[in-house]
*Asks:* 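The structure follows.
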There are 2 protein chains.
Amino acid sequence: MSNIRDVAREAGVSVATVSRALSDPDKVSQTSLNKVHSAIDKVGYRPNMLARSFRSAKSYAVVVLVPDITNPFFSQVIRSIEDRAQQKGYAVLLGDTRGILEREKEYIRRVETRLADGVIQLRPDEPEKQSSYMPEGVVCVNACGCESTKGPRVRIDNRGAAKAVVDYLISLGHKRIGVISGLKDNPHTIDRLAGYKEALAGADIAFDKSLVAEGDFTTWSGLNSAKQFCTMTERPTAIFCMNDEMAIGAIQTLKSHGLRVPEDISVTGFDDISYARYCDPSLTTVAQPAEEIGKLAMDMLLRLIEGEELAQEENVLPAEFVIRKSTGVPCKD
Amino acid sequence: MSNIRDVAREAGVSVATVSRALSDPDKVSQTSLNKVHSAIDKVGYRPNMLARSFRSAKSYAVVVLVPDITNPFFSQVIRSIEDRAQQKGYAVLLGDTRGILEREKEYIRRVETRLADGVIQLRPDEPEKQSSYMPEGVVCVNACGCESTKGPRVRIDNRGAAKAVVDYLISLGHKRIGVISGLKDNPHTIDRLAGYKEALAGADIAFDKSLVAEGDFTTWSGLNSAKQFCTMTERPTAIFCMNDEMAIGAIQTLKSHGLRVPEDISVTGFDDISYARYCDPSLTTVAQPAEEIGKLAMDMLLRLIEGEELAQEENVLPAEFVIRKSTGVPCKD
DNA sequence: TTGTAAGCGTTATCAT
DNA sequence: ATGATAACGCTTACAA
């Protein structure tokens, strides 16, 4: 393995000149530049980036904290982050935490120990717990923010989007609208439930606690939670699911109980993962701008790493309400 | 930012003792150990891992090359790789290449420049092109190998699995069996097509080129490729799709042409992504052991990085044929 | 424009 | 068991 000294010797210049030729070519004469480059080819030199990072005290890496990378929404955001990072010469360290706080901390430790320059968090932090564990000096932007999220963040208007969905269901004539939510304390659940309640209130429909089933954003939980609606004496005519995966699970359950979607019951999702378009019936849902979210979060983090000021701590991106085939007018029993 | 020298001063010992206390505690007296640890707490010391990596010439990172991380099969494998890596103290650098060779090379360059210790490749290499571009000294294991794959690899028996699928369709009575393949030159396509042909040959059914539609493993390509089967004068009674995403796309097309699955036409997939269980009808498919694949590939790479011998260059893992609701006896027209 | 040389924070060798 | 010190490969004042 040849190093910069070998190149210098071969080229007949000093190591400083070689170093400059690589990182700041303008400061070097054309003659030296040529000598250096042919020397590099000759000895097969590859700069040791570990040494460079060490010396310049920057790792040019960011860690992405994600509860579950197999969630299609998350993987889309990550793809976008990676794309942007690559463009800017940064590496992405994957931190699939499976929701385990301990693993999250291990990854955050990597930036304390200089292996990464910052963090992008894809989990909405629960307000009380958040600030407590992000150490001093670790820069972090949350790419899945909520109204309660502190610090640099990008988010969509979850409440508004949820309200739009439920407003639409109400406009179709639905009055008994069930909910399959995420975990009770999850900020996304809180924001989206607020939107649901706002829509109800706007139409003078009383909030009925028994119409809210708690899931955890997995398909399996949607599948399960939907069961209780099937066996209700007074069944809801529509179900607002807080993500697409639960909606897909719910539809599965409804079908197996002999209910047709949307003729007997309407179902809506949230996220617009790619399967939302291909499931049967295709899903009425809220399209999150995954691409934009990732790109923006990465750009914000980069600015933070460079020590620059953020134009704004919070960036709220528009989400699009997409009407497909899983919603229709309520059945009249 | 305090360093090892600050700790040494605070503890009243030498830097060597501090270093040993951290990386090889057995070599240090209990007294020194205590002094060191309280000094560490006092000055808020975090070891500079970049310096450690630099000094020991190991980055403790591996890059994972994946054509598209939003593909659920890949993200499952990656989750498993990440899990194993984390256990072993390694970081995972995400290399989403989008199938672009140039990006792949940029990532491979990271191991040449010491930012990573090895590579896990999730793309089946095309035989002629493969060896040419993986530089000397870069260790790599292919986690999605095929029969033509060279070098350390883990794979399933694609040909055997495909044959099992088609054997099953034949056993149901199908004789005209369509195929939606991946790109023609993709080794997975080659292996699985070989299995298809073997099954046909075993039942004395002539291979009919017109029954093979070329896709590219995306849902959209499945959706498109299926169209040509719908309009055929003599339609196949079953379609063997080379992955689940194309099968889901195909089913979508068939339905929109008024065909029922499986009553009018059977469809099979490959991979067993989680959505295969939840689509309508649920998909008969081949379950790849994604978890095992990732874990094994990581273990092999680790051994390679440590300079150890591999017990075997090739590891063939069992795949399971899963029968669900998308297949049935052929319709009799 | 170029060269010399002093670090960066750690590990490892060699004494003690 | 502990300490002094020389690397590791690079960047960057500072000099020339």
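Hydrogens, waters and symmetry mates play no part in the numbers below; they use all other heavy atoms, side chains included.
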*Asks:* Taking CG from B:Asp24 and P from D:dG3, how many angstroms apart are they, rounded to a whole number?
*Replies:*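 Spelled out: CG on B:Asp24 to P on D:dG3 is 16 Å.
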*Asks:* Nearest to the side chain of A:Phe54, heavy atoms from C-beta on, is which of C:dC8, D:dC10, C:dT10?
*Replies:* C:dC8
*Asks:* Could you state the CG-P distance from B:Leu115 to D:dG9, rounded to the nearest angstrom?
*Replies:* 15 Å
*Asks:* CD of B:Glu309: more than 12 outside heavy atoms within 6.0 angstrom?
*Replies:* no
*Asks:* Closest approach to the side chain of B:Arg20, judged atom by atom: which nucleotide of D:dG9, D:dT2, D:dT11 is it?
*Replies:*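 Selected nucleotide (nearest to the side chain): D:dT2.
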*Asks:* B:Arg9 has an atom CZ; how far is it from atom C1' of D:dA4, in whole Å?
*Replies:* 16 Å
*Asks:* Rounded to the nearest angstrom, tell me the gap between atom CG in A:Asp26 and atom P in D:dT12.
*Replies:* 15 Å
*Asks:* Counting side-chain heavy atoms from CB outward, which of D:dG3, D:dC10, C:dG3 is closest to B:Thr17?
*Replies:* D:dG3
*Asks:* Could you please name the option among C:dT10, D:dG3, C:dG3 that lies closest to any side-chain atom of B:Asn48?
*Replies:* C:dT10
*Asks:* Does any donor atom in the side chain of B:Gln87 or B:Arg84 lie under 3.5 Å from an acceptor atom in the other side chain?
*Replies:*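 Judged by distance alone, the side chains do pair up.
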*Asks:* To the nearest angstrom, how far is B:Lys27 atom NZ from D:dG3 atom P?
*Replies:*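 The answer, rounded to whole Å, is 16 Å.
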*Asks:* Which is true for B:Ser32 with a 4.0 Å heavy-atom rule: it touches a base, it touches only sugar-phosphate, or it touches nothing?
*Replies:* sugar-phosphate
*Asks:* Mapping B:Arg114 and B:Leu33 onto DNA chain D by nearest heavy atom, which one lands closer to the 5' end?
*Replies:* B:Leu33
*Asks:* Among the candidates D:dA1, D:dC10, C:dG3, find the nucleotide nearest to the side-chain atoms of B:Ser29.
*Replies:*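 Of the candidates, D:dA1 comes closest.
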*Asks:* Do the side chain of B:Arg52 and the base of C:dT10 come within less than 3.5 angstrom through a donor-acceptor pair of N or O atoms?
*Replies:*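 Under the 3.5 Å cut-off, the side chain and the base do not form any donor-acceptor pair.
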*Asks:* Just by distance, with hydrogens left out, do A:Asn142 and A:Gln121 show a side-chain donor and acceptor under 3.5 Å apart?
*Replies:* no
*Asks:* Quick check: any donor-acceptor pair below 3.5 Å linking the side-chain of B:Arg55 to the base of D:dA7?
*Replies:* yes
*Asks:* Quickly work out the A:Ile4 CD1 to C:dG7 C1' distance and round it to whole Å.
*Replies:* 15 Å
*Asks:* Report the residue (B:Ser14 or B:Ala51) whose heavy-atom-nearest nucleotide on DNA chain D is the more 5′ of the two.
*Replies:* B:Ser14
*Asks:* Output the rounded distance in Å from CZ (B:Arg5) to P (C:dC8).
*Replies:*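 In whole Å, C:dC8 P and B:Arg5 CZ are 7 Å from each other.
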*Asks:* Between the side chains of A:Tyr107 and B:Gln86, is a donor N or O closer than 3.5 angstrom to an acceptor N or O?
*Replies:*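 Yes - a donor-acceptor pair under 3.5 Å links their side chains.
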*Asks:* Counting heavy atoms from C-beta on, name the nucleotide in D:dG9, C:dA5, D:dA4 closest to the side chain of A:Ala16.
*Replies:*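 Output: C:dA5.
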*Asks:* Under the criterion side-chain hydrogen bond (donor to acceptor under 3.5 Å, both in side chains), which of B:Lys35, B:Lys42, B:Arg5 is the partner of B:Glu10?
*Replies:*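 That would be B:Lys42; it is the only one of B:Lys35, B:Lys42, B:Arg5 passing the side-chain hydrogen bond (donor to acceptor under 3.5 Å, both in side chains) with B:Glu10.
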*Asks:* In whole Å, I'd like the distance from the NZ atom of B:Lys58 to the P atom of C:dT11.
*Replies:* 14 Å
